[in-house]
Amino acid sequence: VEVRLQCWDFPGQEEYALLNQIFFSERAIYLVFFDMTGKMDEEWRHICFWLWAIGMFSKKKNAKPPILLLGTKAGEPYSYKLDELELQKRLE
């Protein structure tokens, strides 16, 4: 069995959304990063955008790729404590 791994780092700005979707694949694992030192509401808006973009692509391809949400800068002094219950409510 041959396994091939490709990693793509997409620009986070929404202006590049259409360009980024060219590289989406139904056989992908998506990693969505967010900054834990930023404002939760603002970061959540970015997370929702990426979940929407991946979801729209996946719906067209009838795919259900795994998506991992990864918080960065968790050890920084100004990082917020991630409330798992709040995150679960937002994801529903």
Novice: Rounded to the nearest 0.5 Å, what's the gap from CD on E43 to OG1 on T37? Could you check?
Specialist: 7.5 Å

Novice: Kindly write out the residues that satisfy ring pair (Phe, Tyr, Trp, His ring centres under 6.0 Å) with F33, not counting sequence neighbours, or none if the list is empty.
Specialist: none

Novice: Tell me whether W52 shares a hydrophobic cluster with W50, the cluster being built from Ile, Leu, Val, Met, Phe, Trp, Tyr side chains joined at under 4.5 Å.
Specialist: yes

Novice: Is the side chain of S58 donor-acceptor paired with the backbone N or O of K64 at a distance under 3.5 Å, no angle test?
Specialist: no

Novice: With a 4.5 Å limit on heavy-atom distance, are the side chains of V32 and L68 in contact?
Specialist: no

Novice: To the nearest 0.5 Å, how far apart are CD1 in I67 and CG in L51?
Specialist: 5.5 Å

Novice: Does D41 have any side chain to side chain donor-acceptor pair (under 3.5 Å) partners at least two apart in sequence or in another chain, and if so, which?
Specialist: R90

Novice: Would a 4.5 Å heavy-atom cut-off, applied to side chains only, mark P65 and I29 as touching?
Specialist: no

Novice: Between F49 and W44, is a side chain to side chain contact (heavy atoms under 4.5 Å, CB included) present by the stated rule, with each step listed?
Specialist: CA-CA 9 Å; F49 168 76; W44 182 250; over 6 Å; no

Novice: Quick one: do F34 and L69 satisfy side chain to side chain contact (heavy atoms under 4.5 Å, CB included)? Show the steps, please.
Specialist: CA-CA 8 Å; F34 63 97; L69 297 179; 4.3 Å; yes

